Amino acid sequence: MTEINFYNRHGRSEVLLPATTNHESLYKTDHYRDFHMNKQRIRDNCKKTVKMLGVLFSIIAGLFTIVATSGDSGDSTITPETPPAGIAIVVPSNNQVFIEGDSIAFVGKIDDAVATETYTYSWNSSLDGSIGTTANFNSATLTSGTHKVTLTLSDSKGNSLDADSVTIKVGDSSTSSSLPDVSITAPSGTLFFNVGETITFTGNATDYKTNAIANSSLLWSSSINGAMGSGGTITSGVLSKGQHTITLTAKDTKGNSGSAFIIITVGGSLSSPVVKITSPAPADSANPTTPPASYDVKAGDVINFVGSATDYDGTAITGENLEWISSKNGKLFTGKNFQLNTRSVPSLDYEPLKEGEHTIYLKANGSSGTAQTAITINVVNSNPVAVIVNPPETCPTTNTLCKTFAPGEFINFQGTATDAEDGNLSGKSLEWTSQIDGMLGTGESLNIKTSNVDALGNLPMSNGEHIITLEAKDEWGASGIDSVIINIGTNTPPVPKITYYNSDSEPTTLTMSAKSFMTFYGSAQDAEDGSLKNDYMEWYSSNKPAKLSSQEVAGSGGLTSSVRMDLSQFEAGSVNSLTLVATDSMGSTGVTSRNITISDDGLDATISQ
């Protein structure tokens, strides 16, 4: 059996309620009706009158000393008497009907109990005699018939202090209709709440045929505040401080009523603070969500944090007792509200929020304990965009060597970078590097000489093919890069080619009359310069001591050079060669040749590679 304590206004335990296996702390009752409500009000009014007389006597005793003379000089002070404790039957209600064999809950409630007194309880049935000796119990053994049940409260000396009684009827299933079955499902667990806290109450009921009873027939009430509303679910944030018996009463279509109740404490010292975050996203310690509410911000935004907390008695928790904490940054600040930057600015005396996902906690330290609620904030930082302006990624046709540099030549590096949060980046935020020479320098513009140390103190760049990278970093270290390939001091030689049909589909060897003319075509490709013009090509014949003259070569200014050879100039039985030499803009050369073999009889000429 599970037991639940509830307390009187002096903070002393009065009644332990037994919990059924189906619904802990839920009991059927119609106590707050008819005769018992009138009887309780009469008793309460009498007790209030006695207490007022006691207060009056206390005030008079403070002003005068009331002395009773008994024939000697001794004095005695008159002290008002403490009113006796009272008892009331909470469950079952008067005239309630049960089926024989039903488990019937009997619950008594004591008023004005004295902490130093030990009380005894005596439950008696007019039919079955003694049926219980505790404040509350369950019984399924009452005999069929009409019972007058009386609860008598006695002190430790056996003196009867008060009594209450109800009449109930127990009958067999053929002559009795079962009352509605009522359940309160929420709140459950810890039934301590703060003054002003919004509490959700949920319940349901079925009639004896297990049909659901309509929400309009489900009535909620508080023993302190009275009627609360109707329906399967209601909320209330206006319950007064104190111990409330919350009753859910259901009436079926035949007019039969059943009820269940729970006892909650509002504003008790066991209640935890209620903590709420209202900005930048909602959260409530009384109604936590899983996962917590999430809020995305851009790096550089200013976040407005707003929250509040109340203690168990409704007192606001403020100042140092309200702590804002980040899972990444640690403790942020205290108080109800604060504006927090996500970027460093000169006026800040704290570290801005770091990039990434933060769980933001608002922790309240109240007089009865601590409580917290949380939200998730994701601080998003964009990567900068870096662009190399010079040397360009692709050279224009007017300067095919824009990325090729000779030893001793100056190289001008230019670049820009922008960031969504920080704007234009400059200075040390821009770093230039080479995969060969490492760090080159910082800034939007950089001039470096490819040999010797220049006036700026930059080291010379090594010969070779460099991958030049510009990396831009924002305040949080996010980066963006751009790169370009340049060549320094080394040059790929051009590749010349000789054809005789001015076509790539010519045969490897060709035999023709040694008494005829043959035209040879020349071209050259260069990795840096592209297609070389005729002016960068020279022809040589093995039977002449110097290169062929411009009169012998055609195609000046074009991308193809050609020479027309008289094969009869070569001697019978000789092996001759025709050579094409291509020179690029940096002086590198490429060479290719064709062999011309004359037969021994001087009639045939064979051309081969």
Side-chain angles (χ1 to χ4, degrees), residues 1-20 23-27 29 31-32 40 44 47 85-88 90-91 105 107-115 135-136 182-203 220-229 233-249 259-276 284-288 309-317 364-373:
M1 176 184 294
T2 302
E3 296 183 339
I4 300 176
N5 288 310
F6 65 94
Y7 301 85
N8 63 18
R9 57 182 171 276
H10 304 295
R12 292 188 287 273
S13 176
E14 294 181 335
V15 179
L16 298 175
L17 304 183
T20 65
H23 306 286
E24 286 194 359
S25 73
L26 306 181
Y27 298 91
T29 177
H31 171 63
Y32 303 104
Q40 186 64 39
D44 290 343
K47 291 175 182 177
I87 194 69
V90 178
V91 177
V107 179
K109 182 178 184 297
I110 189 170
D111 289 325
D112 298 316
V114 178
N136 47 86
V182 185
S183 298
I184 297 176
T185 56
S188 60
T190 302
L191 300 179
F192 296 91
F193 302 94
N194 292 344
V195 174
E197 181 177 349
T198 299
I199 309 171
T200 299
F201 298 92
T202 303
W220 297 84
S221 64
S222 159
S223 58
I224 297 177
N225 293 96
M228 298 167 58
T233 298
I234 67 168
T235 59
S236 177
V238 296
L239 292 181
S240 303
K241 181 179 179 181
Q243 190 177 79
H244 296 248
T245 299
I246 304 297
T247 303
L248 174 60
T249 301
S259 35
F261 73 90
I262 57 174
I263 296 177
I264 68 172
T265 300
V266 176
S269 59
L270 296 181
S271 301
S272 298
V274 173
V275 190
K276 295 182 180 181
D284 188 340
S285 63
N287 298 288
T310 54
D311 215 338
Y312 73 94
D313 58 358
T315 303
I317 300 174
N365 301 302
S367 58
S368 61
T370 63
Q372 67 184 27
T373 189

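Because the structure is a prediction, the values reported are computed rather than measured.
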J.: Applying side chain to side chain contact (heavy atoms under 4.5 Å, CB included), can you list everything that pairs with S222, at least two apart in sequence or on another chain?
T.: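 Counting only residues at least two positions away or on another chain, S222 forms a side chain to side chain contact (heavy atoms under 4.5 Å, CB included) with I224, N225, M228, L239, H244, I246.
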J.: How many angstroms lie between atom CH2 of W220 and atom OG1 of T202, to the nearest 0.5 angstrom?
T.: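 Nearest 0.5 Å value for the CH2-OG1 distance: 6.5 Å.
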J.: Should P187 and F193 count as side-chain neighbours, where that means a heavy-atom distance under 4.5 Å?
T.: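 Yes; the side chains approach each other to less than 4.5 Å.
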J.: Please report the interatomic distance OG1(T235) to CZ(F201), rounded to the nearest 0.5 Å.
T.: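 It is 9.0 Å, given to the nearest 0.5 Å.
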J.: Output the distance between atom CD1 (I87) and atom CD1 (I110), rounded to the nearest 0.5 Å.
T.: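 Result: 5.0 Å between the selected atoms.
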J.: Which pair of non-hydrogen atoms, one from P273 and one from A371, has the smallest distance, and what is that distance?
T.: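 Residues P273 and A371, closest heavy atoms: O-CB, 3.3 Å.
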J.: For T315, which residues count as a side chain to side chain donor-acceptor pair (under 3.5 Å) partner, sequence neighbours excluded?
T.: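 Testing T315 for side chain to side chain donor-acceptor pair (under 3.5 Å), a comparison that skips the adjacent residues, returns D313.
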J.: Without swapping roles, check the side chain of D311 against the backbone of S367 for a donor-acceptor pair under 3.5 Å.
T.: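 Answer holds: yes.
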J.: With rounding to the nearest 0.5 Å, note down the distance linking CD1 in I317 to CG in N194.
T.: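 Rounded to the nearest 0.5 Å, the CD1-CG separation comes to 8.0 Å.
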J.: Go through the structure and list residues passing side chain to side chain donor-acceptor pair (under 3.5 Å) with T200, not counting sequence neighbours.
T.: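 So T200 forms no side chain to side chain donor-acceptor pair (under 3.5 Å) with any residue.
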